[in-house]
Amino acid sequence: MADEFLALVNKRLTLNVLIQGAASHSYLTLHHLVKPELDAIDPALVPLYDKLAVSFDLNQWYGDLVPLVGMPRRFWRRLPKSDHPFRRHPLLATHGAALAEASRRYATDRARAKSVCWFPLMHSPQMYALITRVLLRERRHKTRLADVARTAASLMWGIDEDRLVAELTGEVAFGNIPPPQSFVGKLLKVGAVGYSGVSRRGGRLDVVAKAIVWPLLGHELVKGTAELVCLHGLNRWDEQTYLDVLETTDLIEYEPWHMQAGAELWRRLLRLLDRERTLPEQLMHIARLEPAPLEELVLAIVEQPERARQMIAELN
């Protein structure tokens, strides 16, 4: 891989980590932004969403996702191997394991607070019981709940609700989904319970999200909106370069690992942002950085937070 192309690949991987991280962190509490609206539909929903969101988060460490994609600690320990997909990504190669471990601890701490089981073999039965309870509660309110999800994402990002399309459905796939590159990827695609993307409608780019339950719908709306913001950092690439980079980076096989490292990276980034400026504005400026300055910034977020705070403040 030529150095220039590798730099673009690494930039896209970094943005994907931030995008997945924003979604993985935010959906744990997004429902609290619209608690009055959800309580008006069914007062039992918010407590259930508290439990189900953290249960989904734990699934990548203790649930049925582990036999499918592998043990997280083993994956991150393999980083020095020549066939590891993130071996040449500066942030993930250096700090991926530590960020993922911090995300695991954050999830287990939240599980304790919400009385959610995180023990292997016992976690999955509880998660599926929670999914069943949520599906039963949501089945008569899908349209109203989808509207509330749009409101929550709008409040978080400051995006107009009419640019968000949300649907609670079991048929979640849509658009041009990149083909899986492995047998594991095919299984992940078949078992997908939520999708999101940016879609051109009426001459503008909107966010489309579909999922089986509300917490995942919120996750997908946050992810899709973060992708829309980060497109500001890719829109100067020519079309062929853009397609070539995405073919290399936007693989369903990578998503679990991006979520693990990304959630903690996103939390650290949030602590450094300027409260006087909007979240989308600051993320847009980060996404527009050239590969080398972006690499320098994300490494500083982990290694030198105060320096990273200053770097972010100077972006315009």
Side-chain angles (χ1 to χ4, degrees), residues 1-24 69 75-76 79 81-96 99 173-182 184-186 188-189 192 195-200 204-209 220 222-263 265-266 269 280 282-299 301 315:
M1 190 181 297
D3 288 346
E4 183 178 350
F5 185 68
L6 175 62
L8 299 181
V9 164
N10 281 340
K11 173 175 179 174
R12 177 59 180 178
L13 286 173
T14 296
L15 295 181
N16 283 347
V17 170
L18 288 170
I19 290 165
Q20 293 285 359
S24 295
V69 304
F75 174 85
W76 293 108
L79 266 166
K81 302 290 185 181
S82 61
D83 62 341
H84 198 286
F86 307 141
R87 179 177 63 91
R88 301 177 70 184
H89 186 274
L91 174 72
L92 295 177
T94 308
H95 300 294
L99 290 169
F174 67 92
N176 298 317
I177 301 171
Q181 302 296 305
S182 65
V184 169
K186 292 177 182 177
L188 288 172
K189 181 179 178 181
Y195 273 108
S196 61
V198 177
S199 176
R200 186 173 294 279
R204 71 180 184 187
L205 296 176
D206 292 342
V207 174
V208 180
E220 296 299 335
V222 171
K223 184 171 72 173
T225 307
E227 170 70 15
L228 178 62
V229 174
C230 286
L231 284 177
H232 288 277
L234 311 176
N235 59 10
R236 286 175 286 183
W237 297 358
D238 64 79
E239 183 177 3
Q240 191 57 53
T241 298
Y242 176 80
L243 293 174
D244 289 345
V245 169
L246 264 61
E247 184 179 4
T248 305
T249 59
D250 286 29
L251 306 180
I252 195 170
E253 291 90 340
Y254 292 174
E255 289 191 9
W257 318 116
H258 288 165
M259 288 189 288
Q260 288 177 22
L265 182 67
W266 184 256
L269 172 63
Q282 293 177 86
L283 180 59
M284 178 191 71
H285 288 309
I286 290 170
R288 292 175 64 181
L289 288 171
E290 294 298 322
L294 177 61
E295 175 186 316
E296 182 182 2
L297 173 60
V298 292
L299 285 170
I301 290 171
L315 294 177

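Values below: every heavy atom of this structure, side chains too, minus hydrogens, waters and symmetry copies.
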Report the C-alpha separation of R12 and L246 in whole Å, then their side-chain angles, then the decisive distance to 0.1 Å, and conclude whether the side chain to side chain contact (heavy atoms under 4.5 Å, CB included) test is met.
CA-CA 8 Å; R12 177 59 180 178; L246 264 61; 4.0 Å; yes
Does Q181 reach the main-chain N or O of P179 with its side chain, forming a donor-acceptor pair under 3.5 Å?
yes
R88 backbone acceptor or donor facing N10 side chain under 3.5 Å:
yes
Out of curiosity, L228 CG to M284 CE, how far, rounded to the nearest 0.5 Å?
11.5 Å
Quick check for you: to the nearest 0.5 Å, what is the distance between L289 atom CG and T14 atom OG1?
10.5 Å
Could you give me the CA-CA distance, side-chain angles and deciding distance for F75 and V69, then say whether side chain to side chain contact (heavy atoms under 4.5 Å, CB included) is met?
CA-CA 9 Å; F75 174 85; V69 304; over 6 Å; no
With no hydrogens and no angle check, is any side-chain donor or acceptor of E220 less than 3.5 Å from a backbone partner on S196?
yes
List the atom of L91, the atom of V298, and the distance in Å for their closest heavy-atom pair.
CD1-O, 3.9 Å
Backbone N/O of S82 and side chain of R87: donor-acceptor pair under 3.5 Å
yes
Heavy-atom closest contact (W76 atom, W257 atom, distance):
CZ2-O, 3.6 Å
Of all heavy-atom pairs between Y242 and W237, which one has the smallest distance, and what is that distance?
CA-CE3, 4.0 Å
Approximate separation, where rounding is to 0.5 Å, of E4 CD and T241 OG1
8.0 Å
What is the minimum heavy-atom distance between Q20 and H258, and which atoms define it?
CG-CB, 3.8 Å
Does the pair V17 and L99 meet the rule for a side chain to side chain contact (heavy atoms under 4.5 Å, CB included), with working shown?
CA-CA 11 Å; V17 170; L99 290 169; over 6 Å; no
Distance (rounded to the nearest 0.5 Å) between E227 CD and L18 CG
11.5 Å
With a 4.0 Å cut-off on N to O distance, would you call K11 and E296 a salt bridge?
no
Intermediate values then yes/no, side chain to side chain contact (heavy atoms under 4.5 Å, CB included), Y254 and T249:
CA-CA 8 Å; Y254 292 174; T249 59; 5.5 Å; no
Looking at OG of S199 and CZ of R204, how far apart are the two atoms once the value is rounded to the nearest 0.5 Å?
11.0 Å
Working to the nearest 0.5 Å, report the span between CD of E290 and CD of E295.
13.0 Å
With side chains defined as the heavy atoms from C-beta onward, is the minimum distance between V245 and T248 less than 4.5 Å?
no
Between P90 and L299, the two heavy atoms sitting closest are O-CD2, 4.1 Å
Taking every non-hydrogen atom, the tightest pair across P280 and V229
O-CG1, 3.5 Å
